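Fair warning: this is a prediction, and the values are worked out from it, not measured in the lab. Chain letters run A, B, ... following the sequence lines, proteins first and then strands; every chain starts at 1.
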2 protein chains.
Amino acid sequence: MTEQTERPVKKRRKGKGKTSVTLDDVAAHAGVSRSTASLVVRDSKLIPKQTHKRVRASMQALGYVYNQSAANLRTQKTRTLGMVIADISNPFYAVLASGIENECGDKKFMTIFADTAESVEQESRIISRLIEHNVAGAFLCPSGENSAKNLEALEKAGIPVVLIMRYLEDISASYVGPDNHLGLRMLVDHLAGKGHRDIAYIGGPPRKSSSRERYEGFLSAMKRNDLEVKDSNLRASAISRAAAMSEALELLQREDRPSAIICYNDVMAFGVMLAMLKCGLTPGKEVAVVGFDNIPESSLWTPSLTTVSIDAQNIGRLAAAELLARISDPDRQRQRIIVQPTLIARESS
Amino acid sequence: MTEQTERPVKKRRKGKGKTSVTLDDVAAHAGVSRSTASLVVRDSKLIPKQTHKRVRASMQALGYVYNQSAANLRTQKTRTLGMVIADISNPFYAVLASGIENECGDKKFMTIFADTAESVEQESRIISRLIEHNVAGAFLCPSGENSAKNLEALEKAGIPVVLIMRYLEDISASYVGPDNHLGLRMLVDHLAGKGHRDIAYIGGPPRKSSSRERYEGFLSAMKRNDLEVKDSNLRASAISRAAAMSEALELLQREDRPSAIICYNDVMAFGVMLAMLKCGLTPGKEVAVVGFDNIPESSLWTPSLTTVSIDAQNIGRLAAAELLARISDPDRQRQRIIVQPTLIARESS
DNA sequence: GAAGAATGTTAGATCGATCTAATTGAAATG
DNA sequence: CATTTCAATTAGATCGATCTAACATTCTTC
């Protein structure tokens with residue numbers, strides 16, 4: 001049998017000439033094996049810098065582009081994270097995302113954002129897709145209670161998850177969120193310090209963990225300050241200016257109207273302020289109003305709104321750090337990271 | 001040589017039992033070939049529904065998870081888009097992103113977001129990474145002039161690009177953005193209609209395409225209305241409240257102060273309003289102020305701000321539609337899609 | 001009933017990087 | 001000098017889906 005020196009001429013694709021340069025091509029050009037070239041792209045210390053330089057030069061010369069897809073298949077890993085958010089258009093999440101980017105960006109991780117539009121089915125569809133994409137980890141801002149199932153799917157697929165802002169009971173994921181309890185204590189203490197004794201609370205929808213925590217925080221802070229909580233001063237409302245406004249109107253039109261109103265968040269506080277204007281009251285004068293979140297508008301209103309600030313950027317950074325840690329050490333204990341809020345005292349109180 | 005009936009027993013990985021179920025497993029379970037199973041996952045019409053159902057059942061039974069990475073390698077394609085933004089924390093981009101999600105979400109495309117933090121080097125690093133990831137297409141909100149190079153890299157890699165908001169000359173990418181020219185005409189017409197004759201313009205940084213367009217729009221609209229443009233009434237400023245405020249102070253303290261001021265955008269208009277308050281003037285009374293963008297705050301200020309609204313959500317949707325079209329038809333002509341702004345007349349004018 | 005079309009299915013090669021285990025040659029050791 | 005150790009390199013298998021080209025069957029059609 002004659003050795004036909006059959007060189008398996010690298011098949012150039014199609015007519016287009018649009019072949020991608022592979023590690024094989026680089027290796028041939030540099031006079032090394034593909035294995036060596038592979039070690040070079042990954043900056044392995046097994047390769048002496050002599051060889052390293054030569055191979056890098058070949059890459060440059062040929063216009064080599066690393067093929068992530070191939071690497072992903074082989075290693076059964078990706079350097080991609082998933083971020084599942086209820087509503088991207090909410091500026092809070094935008095800032096959160098920037099915190100995450102900030103922490104992950106340089107670490108060669110890319111982030112896939114997906115919007116569930118507050119729907120659990122949508123969320124589950126997105127999560128299956130993230131699993132198919134084999135993301136290295138995921139941030140999750142749960143849509144509702146039953147997203148527990150979705151979360152399980154992720155964990156079962158071996159994908160570490162960090163919950164943000166909304167906590168889910170009985171779930172073994174990490175969590176990063178604000179200390180709602182403390183936030184409310186700050187507000188109550190602040191108002192009590194200003195001499196307010198008759199404080200009302202307009203809370204958010206009770207199904208959310210943050211609603212519950214803030215509500216409980218309010219009650220316990222009132223108790224600490226030896227202040228009475230009248231049942232008539234406790235209200236729940238949807239998270240919208242309009243809803244809060246109608247709640248506030250009822251409170252304000254009473255004979256014994258409260259001297260201060262704490263709201264679940266800033267948006268609702270704006271509703272309350274509008275209600276006051278309607279009643280001919282000046283927020284911060286006859287009745288104090290305070291909110292929660294410190295969204296950008298809160299400094300712009302007249303009067304400006306006293307509120308509690310939770311640093312979304314910071315939460316994003318912490319969540320990212322935690323997720324990256326879990327990724328590099330899968331056996332790492334799940335953390336529950338609580339971020340301290342800060343009181344921003346302004347004119348409305 | 002005895003045939004050892006060596007069945008290459010499917011290698012179950014590691015001790016963990018954490019093997020992934022592959023199409024081979026599904027095929028074996030359903031009693032078909034891998035090829036058939038593959039056609040089934042992709043809902044090919046070549047497969048009769050009888051077989052389809054059986055294979056699907058096997059997938060269900062085995063807990064099969066589609067491996068995107070493998071498909072990506074084989075097909076040399078991904079169903080991933082890249083979105084490169086200068087600053088995610090800007091709420092405008094958040095809304096834009098939600099528009100994009102809205103349009104792409106159901107089409108099985110996922111979007112990778114990346115923040116360039118307004119840096120061109122960062123941008124170029126991100127773009128190489130997107131190319132390595134082999135994204136099917138990309139949205140790009142250019143950081144500056146020299147991002148032209150980055151854009152070329154994408155186009156050279158055969159990745160269709162849609163520019164958003166900021167246009168780059170001499171570049172063959174699609175573009176979606178507002179009609180800045182028309183927007184300014186609307187503002188000028190509006191003010192002229194109210195009887196203003198002495199109108200000042202505080203523009204943005206001249207390097208940006210939108211700055212130039214709005215500036216030119218202003219000039220041409222003034223001409224159309226037969227209004228004189230005083231040089232002293234033309235100013236440029238950085239995009240910040242403070243910068244615009246100091247520009248406005250100079251304008252307002254003049255003997256012949258203008259009766260109306262048009263600002264490059266809303267943020268700067270707020271600065272101008274603050275300057276007026278400082279001078280003891282009421283915006284909308286002695287002097288009118290108008291902005292551009294219609295950011296959420298503009299309805300909240302007192303007085304509320306007259307402005308021109310560009311629908312970010314809509315721009316996102318259009319950009320996504322255009323990108324998807326380019327992806328499915330690479331030879332499609334590049335579009336330049338200009339979105340009509342709308343005038344929002346409020347109290348400040 | 002033979003030729004052709006249509007339908008359903010499949011074997012085997014393939015995408016491009018990574019990993020394992022092995023090989024080489026040189027240096028170090030006894 | 002024989003043996004071990006080490007650094008540098010590499011051949012070949014592998015990840016899991018997709019694609020090409022073919023193979024069986026069954027169904028038409030004249």
- Note on the structure: The residue, R54(A) or V65(B), whose nearest nucleotide of DNA chain D is more 5′ is R54(A)
- Message: Just to be sure I understand the rule, does R42(B) reach a base, reach only the sugar-phosphate, or reach nothing, if contact means heavy atoms closer than 4.0 Å?
- Response: sugar-phosphate
- Would you mind classifying the nucleic acid contact of S38(B) as base, sugar-phosphate or nothing, using non-hydrogen atoms under 4.0 angstrom? base
- So which nucleotide from dA17(C), dC15(C), dT9(D) ends up closest to the side chain of P48(A)? dT9(D)
- Could you tell me whether R79(A) and E132(B) make a salt bridge, using a distance below 4.0 angstrom between a side-chain N and a carboxylate O? no
- Query: Cation-pi between R336(B) and Y167(B): NZ/CZ under 6.0 Å from ring centre and within 45° of the ring axis?
  - Reply: yes
- Query: N72(A) CG to dA17(D) C1': how many Å, rounded?
  - Reply: 14 Å
- With a non-hydrogen cut-off below 4.0 angstrom, is T51(A) in contact with a base, only sugar-phosphate, or nothing? sugar-phosphate
- Message: Base of dT10(D), side chain of R34(A) - is there a donor-acceptor contact under 3.5 Å?
- Response: no
- Query: Given E103(B) and L323(B), is the side chain to side chain contact (heavy atoms under 4.5 Å, CB included) satisfied, shown in steps?
  - Reply: CA-CA 10 Å; E103(B) 190 74 23; L323(B) 188 56; over 6 Å; no
- Note on the structure: Assign each of G31(B) and A70(B) the nucleotide of DNA chain C bearing its closest heavy atom; nearer the 5' end lies the nucleotide of G31(B)
- Item | Minimum-distance pair of heavy atoms, taken over all atoms of E322(A) and Q335(A) | OE1-CG, 3.2 Å
- Message: Categorize S35(A) for me: base, sugar-phosphate, or nothing, with a 4.0 angstrom heavy-atom threshold over every strand shown.
- Response: base
